[in-house]
Amino acid sequence: MPQRRLPMPASASASSTAPAAGSTIHLPRTSESEQLLRIRHSMSHVMAMAVQKLFPRAQVTIGPWTETGFYYDFDSPEPFTEADLKAIRKEMIRIINRKLPLERIEVSRAEAEARIKAQNEPYKLEILAGITEPITLYTLGEDWWDLCAGPHVAHTGELNPQAFELESVAGAYWRGDEKNAQLQRIYGTAWETAEQLAEHQRRKQEALRRDHRRLGVDLDLFSIEDEAGAGLVFWHPRGARMRLLIEDFWRQAHFAAGYELLYTPHVADISLWQTSGHLDFYSESMFGPMQVDERQFQLKPMNCPFHVLTYASRLRSYRELPIRWAELGTVYRYERPGVMHGLMRVRGFTQDDAHVFCLPDQITAEILRILDLTEEILSAFDFRSYEINLSTRPEKSIGEDAVWELATAGLVEALERKGWAYTIDEGGGAFYGPKIDLKIEDAIGRMWQCSTIQLDFNLPERFELEYVAADGSRQRPIMIHRAIFGSLERFFGIMTENYAGDFPFWLAPEQVRLLPVTDEVRPFAEEMLGQLSAAGIRASVDHSGDRLGKLIRTGEQMKIPVLAVIGAREAETASVSLRSRRDGDLGSRPVAALLESAQRANRDRAPALELAGRVEVGA
RNA sequence: GCCGGUGUAGCUCAGCGGUAGAGCAACUGAUUCGUAAUCAGUAGGUCGUCGGUUCAAGUCCGACCAUCGGCUCCA
C-alpha cells in the first residue's frame, strides 16, 4: 500500500509557515506578532489621515488589521480609483517620514462625543455608542486622531516606508450589511522589512501562477462560455478525462465503503420542494420554476429530496439500516451576478452527495466510517492536513433536546475515536441538526472547506420517513447528509491550484507524449502509441514537425509528466529516451519497461513513474 | 445585487476622434533536426453587445452582458 494512504492525524490549526516553494523567509501573521499588529494598526491610521488630507470630504469609519495587512473603510462622495492609491501612498510616506507620535488618550464619553461632533464624523459617533469604557483615542501628530483601542507604535518612524503597499480598492457595506451605506475600502499590506514585503508579493505571484482559471485555459481543461451564461462549466477533453478518473476512483472507494449509487432526475414537480421546505427557506438560491403541461417543475438545487423519495418508495425494515446512498448529482443554484468565480463559485455543479439512513445507535459508527472515507479520498489528492469544526445546536432549531444531545454526542465520539483535533462552534449548526465541517490545507497554506457531514432531523419528519422496528412499531430513521469533495467543480479548481497544474502521473490527462526526432521514426512512434493506448496509458504523438527542443518545450509547458524522445537509435532498439517532468532526463529504457511502470503507476495511483536502473541503448 | 477596474485576432498586449497592429499559436513551404522556441510566407478582428454624440467612434457618453479585485452570500 502506498505510503500516502496511511492514516495521518489531522493538524488542528493552519500552519502559517506553509511551504512556499523555495522560500525560507517566514511571514508572521498579525495574530502571531505584537509588533506587526502595532504596525498594521498604525498604518491604517496613517492611511486614513492621508486619505482625509487628499479627500477632505471623506469620512472615516473603521480600519482594522488583517492577517497580512490592514484596511480602512471610508464614506467618500468621490470614488477612489486605483490611480488614487499612488497619491495616497505618497502622502502616507510623507506622514511616516515626519515621525509623528501616536499617543493614547483616555477620555470621558462626553468628551469623545464633543470631539467627534466638532469633526462631523457620524460613523465615529455610531462606533462610540457601541463601545464601553474605557474610551480611548489615539492621536497621530497634532491634527489627526481616531477612536481606537490600540495598540500602536510609538511614532510613525517605526513604520517602514519600504515595507508597505496599497493593494486594492473595494466596496464594502457599513457594518457588513448590504442594507447600509456603501463604503469604500482600501486594502493595504505592511511588514517590518522590505524583504518581508517582497516575500508577500512573491506569494501573491505564486497564487496567481497557480490560478485554476489561468491553468484551465493554458492546459485546455475547461472553459466558461459567455454565450451559454455565467457560472456554467464546459469540461474540455483533458479536463473531462481527469474528472472521469476522479469519479472512477470515487465510485470505487464508495462501493468498497458499503455505499450503493443512485441516479436521480434533474427536475421534479415543484410540490416536492414544497414538502422538503426548500421553497420556503432556499428559494432565493433556486432557479425559477418552469411550466410543463399543467404542472410546475423545479430544477434541483439539492439532491436530498430525491434520495428521501427513493427511501420512501417502499417500506423499510430496521434490518436494512444503515442504508448508504451516494450520487454524483448535478445541481443548479441561482447565484447573484458578480459572485461567480472560475470553478470555485458556479451556477451548475456536481455534488458528491450521499445520504445515510440509520438507527440512532448507529450514528457514531456511521460518522466514523464517513471520516475514514473522507480521509481516504482526500489524501489520494495529497490533502492530508485538515481543520475540523463541530457545530452544535443553534437557538432557532427544530427537534427534541434528547435527539440533539444524542446526535451531538455521536459526532463528538466519532471525532474522538478518529483521533482528530477539532474546534467547536457553539450554536453554529443548521436548524435541522449538528454538523462537522472539514477544511483542507493546500500547498501554499490556504484553507478550503470542502467536506461536510450534517445530521438532519427535518427531512425525515417532513417526508414522514419510517422503518419497521424489531417490535413491529414504525420509527423514524436518522438521516445524515455528507459530501467529501463538496462540489466536483470546486474541488477540481482547488486541486488544480494545489498541484499548480503539475498533476500526479495517475491523474494527468496526457501521461506520456512521444516526440519523434525525425519523420523516419514516425511509424515506430505510432506503433508505440498503439501499445501504450492498449495498455490504458493516456499517450499521444506530437506530429507538429518541430525540432526536438521545441517539442520538449511544448510538452513541458503542457506539464506532461513523461516525454519520450524517439530517434533512430530508439527505433532500432525498441526503446525510448525518457524525460520526466519531475526528475528530468531519465535516459533510455526498453519500451516494455515504460509500459510496465506506467501501468503500475496507474494501478497504484502513483505521483510519478518508478523505473528500474537506466539502460544504455544504442551507440 | 453593490463599489472600483477591465473587455481589440485562439493567447498576451499596443493603438485612445480620421480607413485596425505586434509577438506567440494556427496554416503553407523549406529544413530531418537529440532534451525548453529553425527559417520564410499565408490567413485570421463588423475592436463584448445595443443605443447615442460627431462630418467621422476600439477611441467620447449611456445602458446591458461578461470578467477581475472586494463587499454580501455560499459548495
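Naming convention: chains lettered A, B, ... in sequence-line order (proteins, then strands); numbering from 1 in each chain.
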Original post:
Looking at B:rC11, B:rA75, B:rG34, which one has an atom nearest to any side-chain atom of A:Glu570?
Top reply: B:rG34
Subject >> Phosphate contact (B:rG70 OP1 or OP2) by A:His341 side-chain N/O below 4.0 Å >> reply: no
Original post:
What interatomic distance, in whole Å, is found between C1' of B:rA36 and the corresponding atom of B:rC74?
Top reply: 42 Å
Subject >> Whole-Å P distance, B:rU31 and B:rC39 >> reply: 16 Å
Original post:
Under the ring pair (Phe, Tyr, Trp, His ring centres under 6.0 Å) test, which residues partner A:Tyr71, sequence neighbours left out?
Top reply: A:Tyr187
**OP:** Classify the glycosidic conformation of B:rG70 as syn or anti, calling it syn when the angle lies within 90° of 0.
**Re:** anti
Subject >> CA sep, side-chain torsions, deciding dist, call: A:Phe249, A:Ile377, side-chain contact (heavy atoms from CB on, under 4.5 Å) >> reply: CA-CA 8 Å; A:Phe249 164 63; A:Ile377 289 180; 4.1 Å; yes
**OP:** Please report, rounded to the nearest Å, how far the C1' atom of B:rU35 is from the CG atom of A:Asp585.
**Re:** 6 Å
**OP:** May I ask you to establish whether A:Arg175 and A:Tyr123 are in a cation-pi arrangement, using a distance under 6.0 Å from NZ or CZ to the six-membered ring centre and at most 45° from the ring axis?
**Re:** no
Subject >> Rounded interatomic separation in angstrom, taking OH from A:Tyr72 and P from B:rG70 >> reply: 22 Å
**OP:** Check every strand shown and say whether A:Arg185 touches a base, only sugar-phosphate, or nothing at a heavy-atom separation below 4.0 Å.
**Re:** sugar-phosphate
Subject >> hbond_proxy A:Arg490 side chain to B:rA75 base (donor-acceptor, 3.5 Å cutoff) >> reply: no
Subject >> Comparing A:Val169 and A:Val565 on RNA chain B - which has the more 5′ nearest nucleotide >> reply: A:Val565
Subject >> Pairwise C1' distance for B:rG70 and B:rU35, with rounding to whole Å >> reply: 45 Å
**OP:** Taking the six-membered ring of A:Tyr332 (Phe, Tyr or Trp), confirm whether the NZ or CZ of A:Lys300 is under 6.0 Å from its centre and within 45° of its axis.
**Re:** no
Original post:
To the side chain of A:Arg214, which of B:rC11, B:rU35, B:rC71 is closest?
Top reply: B:rC11
Original post:
Can A:Asp73 and A:Trp174 be said to form a side chain to side chain donor-acceptor pair (under 3.5 Å), step by step?
Top reply: CA-CA 8 Å; A:Asp73 287 347; A:Trp174 171 238; over 6 Å; no
**OP:** Determine the minimum heavy-atom distance between A:Val521 and A:Ala568, stating which atoms define it.
**Re:** CG1-N, 3.8 Å
Subject >> Pairwise P distance, B:rU6 and B:rG21 [rounded to whole Å] >> reply: 25 Å
Subject >> Nearest to side-chain heavy atoms of A:Thr518, which nucleotide of B:rU38, B:rU72, B:rU32 >> reply: B:rU32
**OP:** For A:Ile552 and B:rG34, give me the distance from atom CD1 to atom C1', rounded to whole Å.
**Re:** 8 Å
**OP:** Check every strand shown and say whether A:Ala568 touches a base, only sugar-phosphate, or nothing at a heavy-atom separation below 4.0 Å.
**Re:** base
Subject >> Pairwise C1' distance for B:rA22 and B:rU8, with rounding to whole Å >> reply: 13 Å
**OP:** Sticking with atom C1', work out how far B:rG23 lies from B:rU19, rounded to a whole angstrom.
**Re:** 25 Å
Original post:
Could you give the CZ-to-C1' distance, from A:Arg336 to B:rC74, as a whole number of Å?
Top reply: 11 Å
**OP:** Counting heavy atoms from C-beta on, name the nucleotide in B:rA37, B:rA75, B:rG70 closest to the side chain of A:Gln449.
**Re:** B:rA75
**OP:** Could you tell me which nucleotide pairs with B:rG18 by Watson-Crick or G-U wobble geometry, both distances under 3.5 Å, or answer none if nothing does?
**Re:** B:rC55
**OP:** Please give the nucleotide sitting opposite B:rA63 as a Watson-Crick or G-U wobble pair, both distances under 3.5 Å, or none.
**Re:** B:rU49
Original post:
Which nucleotide in the list B:rG5, B:rU67, B:rU72 gets nearest to the side chain of A:Thr81?
Top reply: B:rG5
Original post:
Among B:rC68, B:rU67, B:rU72, which is the nearest nucleotide to the side chain of A:Tyr173?
Top reply: B:rU72
Subject >> Nearest-nucleotide pick for A:Tyr187, side chain only, options being B:rG4, B:rC71, B:rU35 >> reply: B:rC71
**OP:** Please check the phosphate of B:rA25 (OP1 and OP2 only) for any side-chain N or O of A:Lys550 closer than 4.0 Å.
**Re:** yes
Original post:
Does any N or O donor sit under 3.5 Å from an N or O acceptor when you compare the side chain of A:Glu227 with the base of B:rA66?
Top reply: no
**OP:** Assign A:Ala172 to base, sugar-phosphate, or nothing according to its heavy-atom contacts below 4.0 angstrom with the strands shown.
**Re:** sugar-phosphate
**OP:** Name the closest nucleotide to the A:Arg553 side chain, picking from B:rU67, B:rA36, B:rG69.
**Re:** B:rA36
Original post:
Just checking A:Gly555: base, sugar-phosphate only, or nothing, at a heavy-atom cut-off of under 4.0 Å?
Top reply: nothing
Subject >> Spacing of A:Asp542 atom CG relative to B:rU35 atom C1', expressed in whole Å >> reply: 14 Å
Subject >> Partner nucleotide of B:rG34 by Watson-Crick or wobble geometry (both distances under 3.5 Å) >> reply: none
Original post:
For A:Val346, which contact category applies under a 4.0 Å heavy-atom criterion: base, sugar-phosphate, or nothing?
Top reply: base
Original post:
Should A:Arg522 be listed as having a side-chain N or O under 4.0 Å from OP1 or OP2 of B:rC33?
Top reply: no
**OP:** Using both distances under 3.5 Å as the test, list the Watson-Crick or G-U wobble partner of B:rG41, or none.
**Re:** B:rC27
**OP:** Side-chain contact test, heavy atoms from C-beta onward, threshold under 4.5 Å: evaluate it for A:Val169 versus A:Arg185 and give yes or no.
**Re:** no
Subject >> Separation of B:rC33 P from A:Leu548 CG (nearest whole Å) >> reply: 12 Å
**OP:** Would you mind checking if A:Arg243 and A:Glu489 are paired as a salt bridge, meaning a charged N to carboxylate O distance below 4.0 Å?
**Re:** yes
Original post:
With no angle test and no hydrogens, is the base of B:rG70 tied to the side chain of A:Glu167 by a donor-acceptor pair under 3.5 Å?
Top reply: no
**OP:** Kindly confirm or rule out a cation-pi arrangement of A:Arg40 over A:Trp191, judged by NZ or CZ under 6.0 Å from the six-membered ring centre and within 45° of its axis?
**Re:** yes
Original post:
How long is the line joining CG of A:Leu183 and P of B:rU72, in whole Å?
Top reply: 11 Å
Original post:
If you measure from the ring centre of A:Phe80 to the centre of the six-membered ring in the base of B:rG4, is it under 5.5 Å, with the planes under 30° apart?
Top reply: no
Subject >> Whole-angstrom distance between B:rG41 and B:rG48, as gauged at atom P >> reply: 30 Å
**OP:** Please report, rounded to the nearest Å, how far the C1' atom of B:rA36 is from the CG atom of A:Leu515.
**Re:** 12 Å
Original post:
If you look at every strand shown and take non-hydrogen atoms under 4.0 Å, does A:Glu556 touch a base, only sugar-phosphate, or nothing?
Top reply: base
Subject >> Ring center gap for A:Phe503 and A:Phe381 short of 6.0 angstrom >> reply: no
Original post:
With a 4.0 Å cut-off on heavy atoms, is A:Phe485 in touch with a base, just the backbone sugar-phosphate, or nothing at all?
Top reply: nothing
**OP:** Consider the side chain of A:Arg581, meaning its heavy atoms from C-beta on, and name the nucleotide among B:rU32, B:rA36, B:rU38 that approaches it most closely.
**Re:** B:rA36
Original post:
Within the modelled atom types, does a donor on one side and an acceptor on the other bring the side chain of A:Arg579 and the base of B:rA36 under 3.5 Å apart?
Top reply: yes
Subject >> Counter-base of B:rC71, judged by Watson-Crick or G-U geometry with both distances under 3.5 Å >> reply: B:rG1
Original post:
Heavy atoms under 4.0 Å, any strand shown: does A:Gly567 hit a base, just sugar-phosphate, or nothing?
Top reply: base
Original post:
Looking at the side chain of A:Ala230, which of B:rA75, B:rU67, B:rA36 is the nearest nucleotide?
Top reply: B:rU67
Subject >> Rounded C1' spacing from B:rG7 to B:rC64 in Å >> reply: 14 Å
Original post:
Between A:Asp226 and A:Tyr334, which is nearer to the 5' end of RNA chain B once each is assigned its nearest nucleotide?
Top reply: A:Tyr334
